[in-house]
Trainee: 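Encoded as structure tokens, here's the structure I'll be asking about.
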Amino acid sequence: MTQHSLDPEDWTGVRAQGHRMLDDMFDHLESLRRQPVWRAPPQTLRETFREALPQAPSDLADVHQVFRDTVLPYSSGNAHPGFMGWVQGGGTVVGMLAEMLAAGMNSNLGGRDHMALEVEQQVVGWAREMFGLPATASGLFLTGASQANFLAVLIARRRALGPAVRAKGLAGDGMRLIAYASAAVHGCLGRAMDMAGLGTGALRLVAFDEAQQIDLSTLRAAIAADRAAGFTPFLVVGSAGTVDVGAIDDLAGLADIAAAEDLHFHVDGALGGLGVLAPSIAPRLAGIERADSIALDWHKWGQAPYDAGFLLVRDAELHRATFAADASYLQRAERGLAAGDWWPCDYGPDLSRGFRALKTWFTLKTYGAAALGGVIERTCELARALAQRIEAEPDLQLVAPVALNVVCFRFRDAAELNPEIVMRLHEGGVVAPSLARVGGHAVIRAAIVNHRTEQRDIEALVEATLEIGRKCRHRPAA
Ligand SMILES: *Cc1c(COP(=O)(O)O)cnc(C)c1O
């Protein structure tokens, strides 16, 4: 008889192989600092991933060996202490182990009656507590803040247009909805407006001040002008940490305007929302507790492994009314596996959902909120130290105030060299900042998010930037 199950015949052998794979990842994480932050995948290796669909089986140990040799050494670098590019978290050993457990359970968190949903609800409860939202607020895990921001736009749209928008779409209503955010808002908000059928043109990008915070009087004037022109303002988005420089909008000021104008007040907290865990940052997020919805990323400052986006919504009923739909195969039972009163598929577009909550639950429970807050404080301290170091170097120039953990600077008098410097830093494999645009210029941006980053990595960034910059200045790139 042929065997149909994919379970191993030799459990002892697979157990030993599994232990080797786990040990291998411990070795990898323990030795991160001795590895390059990034190295370019060689073309010959890329080509090994163009093979035809495998029909025959392979030995697990052999497949793992391929992974070890060709995938693992050429990773995206964000786990490495020298990684400061974009805004990405480093992950943890605890998160890795929790991912393994979640994969072993293979739970589907679309709904029904099982304990994994209680774990997700526990994290929702902790998030409510962290942000000071009422016990009735709802929340759920998503891939990332791009999705969370998109869902928030849909929720605000449903609030403005009522139930009819579910059946008729925008064709059912002549109202032209307008949203507002600072010109420094993340690009995913424009995409969310596009995907929601409202169009990127319906997102007013309001001017910001020298601290890169949204200018509230310009916002008020824009809302008034739009109302006078027959538009319907429906949503204002505050940034708790802008992507380029980490600026925090005046969230209390935005909450006042949203209340006075009857707008949905959403906060994009992907970069800085978890700052509520850090005693020195929390006061600067005042007003976030008045948000109607908050988008978060546990995979950034929260250090949970990718992906772990999250949305918190004050009005759970509005949240449900935005997404819930009847389907006979999703009917709820009084008892049995099809019971349960919280089915996440009613709160977002996903029906099948993985157990993202487990790695975040493990992270919060194992390290504790205070330690995570400490990591967040530390990344901001390192950013301030980097800013001081830059200001002490005549060849470097700080180009934006350091509000949180993001430092933007440039090689002085040769700004056009910055992209070349960043590429050479990546190729050097010691530190990896990214590029950002500030005031229309390409600048070097170090976003310190990873809990493994230390003062010596800051030093290495400054030293390597100076060395490359001085070399390029004398011998410009071809
Ligand atoms: C990272 C980020 C996003 C997008 O989040 P993803 O998790 O990458 O989808 C949105 N806004 C800000 C401010 C961010 O930093």
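Treat the numbers as computed from the prediction; the structure is a model and nothing was measured. As the structure lists them, so they are numbered: ligands from 1, and atoms in each ligand from 1.
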Trainee: Taking the minimum heavy-atom distance to atom 2 (C) of ligand 1, which of H186, K300, Q88, H299 ranks first?
Mentor: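 The nearest heavy atom belongs to K300.
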
Trainee: Would Q147 count as a contact of ligand 1 if the rule is a heavy atom under 4.0 Å away?
Mentor: no

Trainee: Have S107 and H114 got a donor and an acceptor in their side chains that come within less than 3.5 Å?
Mentor: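 Looking only at side-chain atoms, H114 and S107 do not form any donor-acceptor pair under 3.5 Å.
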
Trainee: Among all protein non-hydrogen atoms, which one is nearest to atom 11 (N) of ligand 1, and what is the separation to 0.1 Å?
Mentor: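 Result for atom 11 (N) of ligand 1: D268 OD2, 2.6 Å.
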
Trainee: Consider only side-chain N and O atoms of W38 and S76, and report whether a donor and an acceptor are under 3.5 Å apart.
Mentor: no

Trainee: So is C188 polar-close to ligand 1, meaning N/O to N/O under 3.5 Å?
Mentor: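 N/O-N/O distance below 3.5 Å does not exist for this pair.
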
Trainee: Going by the closest heavy atom to atom 8 (O) of ligand 1, which one wins out of G241, S146, G144?
Mentor: S146

Trainee: Pairs of nitrogen or oxygen atoms closer than 3.5 Å, one from T242 and one from ligand 1: do any exist?
Mentor: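 It does not: no N or O of T242 is found under 3.5 Å from an N or O of ligand 1.
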
Trainee: Per the salt bridge (Lys or Arg N to Asp or Glu O under 4.0 Å) rule, what does the pair list look like for residues 183-208, sequence neighbours excluded?
Mentor: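 Pairs touching residues 183-208 that pass the test: R204-D226.
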
Trainee: Got the closest protein heavy atom to atom 7 (O) of ligand 1, with its distance?
Mentor: D297 OD2, 2.6 Å

Trainee: Does the plane of the ring in W126 sit parallel, tilted or perpendicular to the ring in W361? Use 30° and 60° as the thresholds.
Mentor: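 Because their plane-to-plane angle is under 30°, the rings of W126 and W361 count as parallel.
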
Trainee: In terms of the angle between their ring planes, are F310 and W298 parallel, tilted or perpendicular, with boundaries placed at 30° and 60°?
Mentor: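 The rings of F310 and W298 stand perpendicular, inter-plane angle above 60°.
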
Trainee: Against heavy atoms of A270, which atoms of ligand 1 measure under 4.0 Å?
Mentor: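 Numbered from 1, ligand 1 contributes 2 (C), 3 (C), 10 (C), 11 (N), 12 (C), 14 (C).
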
Trainee: Is it the case that D350 and S352 place a side-chain donor and acceptor less than 3.5 Å from each other?
Mentor: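 No, S352 and D350 have no side-chain donor paired with an acceptor closer than 3.5 Å.
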
